[in-house]
Amino acid sequence: MRLSRGFIPTIKEIPSEAQIASHRLMLRAGLVRQTSAGIYAWLPLGLRVLRNIERIVREEQNAAGAQEVLMPTIQPAELWRESGRYDDYGKEMLRIVDRHDREMLYGPTNEEMIVDLFRQSVKSYRDLPINLYHIQWKFRDEVRPRFGVMRGREFLMKDAYSFDVDRAGAVRAYRGMMLAYMRTFQRMGLKAIPMVADTGPIGGDLSHEFIVLAPTGESQVYYDASFEGVDYLADAGTPDLDRFFADITARYAATDEKHDTAKWAEIPEADRREGRGIEVGHIFYFGTKYTKAMNATVAGPDGKMFHPEMGSYGIGVSRLVGAAIEASHDDAGIIWPDAIAPFKAAILNLKNGDAACDALCESLYAALAGDALYDDRADRAGVKFNDADLMGHPWQIIVGPRGAAAGRVELKRRATGERVEVSPEEALAKVRS
RNA sequence: CGGAGCGUAGCGCAGUCUGGUAGCGCAUCAGUCUGGGGGACUGAGGGUCGUGGGUUCGAAUCCCGCCGCUCCGACCA
């Protein structure tokens, strides 16, 4: 994308309504614009990040054996009456009446709908296990939306639902999802830690939330330093889920609501880590709560009908954009992890109109195809440096008149600020690596 | 849901108390000079002052209603 033609409205001044870093930076870097309280429009740069996160989530879900579907945002009230949640959910649910006075709602989650789909078509234990997910917009009418996309009313969420013949199968599904989540967050360049959680209105007796560490997070967290060294991507092939789960849950990790000071005291002081965190995922095992309430049954080997065991697994896709920024930024702007950056590199033409600069930039831009944002604007160098830092591209390829004449460029790494003079080919190789 | 604010140009704000020509900075447009960390100069465009009503010779300003947004707290897959 050429910045001169791109719809990337950056702003210098700090928007008055935004209180935290990620919200300010998302507005300033031109990622989103608010359209009403807790509801945002995604602009090209922000949408690219959102799509990158979605892609990683999708790849890991598929790899874990889940199948993608796409359910609607608008749901009939009838399904929610079956589960009993139409009344329980309260004012957080956005209720809608259509022209025939039918009661509808904008889905805050999809347990009811997935169970309805499941019971229509799955009739035998032979079809289990099955795990279905989708990535779809949700709406929860929060009393007080805040923190930009991290606590919006409308948000993009990946939610998966597993169906198994028995509790052991459901627990296996749960553990598989937990590993998939850890892999997902690691691939995004985020430090996430699973913590035992309350099950809340969803119900069930096995639940973990996934907390991304960031100094500005909403919850206080405590964890064992040994989490810092775990490589969830190392276990290629068929993972041993039981060993993984035993290993992870043996380590101490808790939010302040679940914090156990006695267990905490048992950890060597040097290994105690305290900090702030942002919840970006939550998984639940809840057994037959919904399959019973909605009478979803399949035939077992003995011919008898039974209620499958379920779990549900959510990742806040749009919230992750904000969480990633909270976890990685400085005074100048965003510092994107490579895997989710909107562009791998920015090409800064410091002297637009100079024949050597223009030619070199054009060739770099062509070589990087869609992976680079080319700052071809007629602005001064300082403007380009500041905008590139603000937008947080992992690499900046800086092309100035002196260097261009000599066939050299500068390559800057956003995360470290390190700048080296290299040949254009070396710069391309680095960016692509 | 309790408490507190705000709404004036694209953004940030002043003007409101004490009614009388709607302003400032940034941004935008044109031009000139510049050219490695948000540059300078000259000129220009851009406003139903959130909205409806009331008071008044006259309302951004005073009064009443409504709408929207934000912050603190409570709440929160």
Side-chain angles (χ1 to χ4, degrees), chain A residues 9-20 23-24 27-28 30 33-40 85 88-93 107-111 138-148 150-153 155 157-161 177 181 194-204 206-211 218-219 255 257 278-286 311-317 319 331-333 348-354 357 375 377-391 396 398-404 408-410 412 417 419 421:
Chain A
T10 59
I11 44 186
K12 274 199 282 192
E13 285 158 43
I14 297 171
S16 60
E17 76 269 22
Q19 297 301 305
I20 62 166
H23 191 193
R24 289 176 177 174
L27 293 169
R28 288 191 54 214
R33 287 291 183 267
Q34 180 170 311
T35 63
S36 50
I39 303 178
Y40 292 83
R85 285 208 292 180
D88 293 349
Y89 221 92
K91 290 194 162 184
E92 295 236 323
M93 178 184 282
T109 176
N110 281 64
E111 279 84 1
K138 306 291 190 291
F139 196 95
R140 292 181 193 169
D141 200 358
E142 297 271 354
V143 192
R144 185 151 102 81
R146 63 187 119 169
F147 306 144
M150 291 209 298
R151 189 75 185 281
R153 293 194 293 171
F155 57 96
M157 174 165 144
K158 185 288 299 181
D159 40 323
Y161 305 90
M177 280 289 115
Y181 275 32
M195 303 195 179
V196 176
D198 282 321
T199 51
I202 301 251
L206 186 53
S207 174
H208 284 83
E209 53 190 323
F210 297 79
I211 304 281
E218 274 195 88
S219 18
T255 59
E257 301 106 59
I278 301 161
E279 180 188 346
V280 294
H282 206 149
I283 60 178
F284 303 85
Y285 160 75
F286 47 72
S312 75
Y313 317 90
I315 290 181
V317 175
R319 176 180 280 191
D331 290 344
L348 307 193
N349 187 341
L350 296 194
K351 190 159 185 179
N352 188 272
D354 176 274
C357 284
D375 193 343
R377 296 176 299 179
D379 287 288
R380 298 168 65 86
V383 174
K384 300 186 180 188
F385 287 133
N386 283 317
D387 270 348
D389 286 349
L390 175 63
M391 288 186 252
Q396 294 171 21
I398 300 163
V399 180
R402 286 189 298 275
R408 305 288 284 178
V409 301
E410 269 177 89
K412 173 178 166 177
R419 293 160 74 133
E421 194 183 296

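Letters A, B, ... mirror the listed sequences (proteins, then strands); counts begin at 1.
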Taking pairing as Watson-Crick or G-U wobble with both contacts under 3.5 Å, can you name the mate of [N], or confirm there isn't one?
N	value
B/rG35	none
B/rC29	B/rG43
B/rC75	none
B/rU61	none
B/rA14	none
B/rU55	none
B/rC49	none
B/rA9	none

Ignoring hydrogens, what is the shortest heavy-atom contact between [X] and [Y]? Give both atom names and the distance.
X	Y	answer
A/Ile398	A/Leu350	CG2-CD1, 3.6 Å
A/Arg153	A/Ala37	NE-O, 2.8 Å
A/Tyr40	A/Gly148	OH-CA, 3.2 Å

| A/Lys12 vs B/rA27: side-chain N/O to OP1/OP2 distance below 4.0 Å |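 Yes, such a contact exists.
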
| query | Is any side-chain N or O of A/Gln19 closer than 4.0 Å to OP1 or OP2 of B/rC72? | reply |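 A/Gln19 to B/rC72 OP1/OP2: no side-chain N or O under 4.0 Å.
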
Euclidean distance, atom [atom1] of residue [X] to atom [atom2] of [N] [Å, nearest integer]:
X	N	atom1	atom2	result
A/Glu142	B/rC72	CD	P	14 Å
A/Ile11	B/rG38	CD1	C1'	14 Å
A/Glu218	B/rC72	CD	P	11 Å
A/Arg28	B/rA27	CZ	P	14 Å
A/Glu257	B/rA74	CD	C1'	14 Å
A/Ile39	B/rG68	CD1	P	12 Å
A/Asp387	B/rG38	CG	P	12 Å
A/Gln396	B/rG36	CD	C1'	12 Å

Work out how far the [atom1] atom of [N] is from that of [M], and round it to whole angstrom.
N	M	atom1	result
B/rA14	B/rC1	C1'	35 Å
B/rG19	B/rG65	P	22 Å
B/rC24	B/rG47	C1'	15 Å
B/rC72	B/rA30	C1'	48 Å
B/rG35	B/rA40	P	14 Å
B/rA22	B/rA60	C1'	8 Å
B/rU16	B/rG68	P	29 Å
B/rC64	B/rU55	P	15 Å

NA contact type, [X], heavy-atom cut-off 4.0 Å: base, sugar-phosphate, or nothing?
X	answer
A/Arg419	base
A/Asp389	base
A/Glu279	sugar-phosphate
A/Lys412	base
A/Ala332	nothing

Of the listed nucleotides [options], the one nearest the side chain of [X]:
X	options	answer
A/Glu17	B/rG37, B/rU70, B/rC76	B/rU70
A/Ser36	B/rC69, B/rG37, B/rG36	B/rC69
A/Phe385	B/rG35, B/rG38, B/rG37	B/rG37
A/Arg380	B/rG36, B/rU34, B/rU70	B/rU34

| task | Please name all residues satisfying side-chain contact (heavy atoms from CB on, under 4.5 Å) with A/Glu257, sequence neighbours left out, ordered by chain then number. | result |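 If we apply the side-chain contact (heavy atoms from CB on, under 4.5 Å) test to A/Glu257, skipping adjacent residues, the hits are A/Thr255.
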
Flag, side chain of [X] to backbone of [Y], donor-acceptor distance under 3.5 Å:
X	Y	value
A/Thr10	A/Arg28	no
A/Arg24	A/Ala18	yes
A/Arg33	A/Leu27	yes
A/Lys384	A/Arg377	yes
A/Arg319	A/Val280	no
A/Tyr181	A/Gly314	yes

| Which residue, A/Ile14 or A/Gly314, contacts RNA chain B at a nucleotide closer to its 5' end, judged by nearest heavy atom? |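 The residue mapped nearer the 5' terminus is A/Ile14.
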
| query | Which comes earlier along RNA chain B counting from the 5' end, the contact point of A/Leu390 or that of A/Gln34, where each point is its nearest nucleotide? | reply |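 Its nucleotide being nearer the 5' end, the pick is A/Leu390.
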
| said: If the condition is salt bridge (Lys or Arg N to Asp or Glu O under 4.0 Å), which residues does A/Lys412 pass it with, not counting sequence neighbours? | reply: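 For A/Lys412 the salt bridge (Lys or Arg N to Asp or Glu O under 4.0 Å) partners, ignoring immediate neighbours, are A/Asp389.
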
| query | On a plain distance test, is the side chain of A/Asp379 in donor-acceptor contact with the base of B/rG38 below 3.5 Å? | reply |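 No.
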
| B/rU70 base / A/Arg146 side chain donor-acceptor hit below 3.5 Å |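 Side chain to base: no pair below 3.5 Å.
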
Distances under 3.5 Å only, N/O to N/O: pair up the protein atoms with those of nucleotides 1-10 of chain B.
from  : atom 1 : to      : atom 2 : distance (Å)
B/rC1 : OP1    : A/Lys91 : NZ     : 3.3

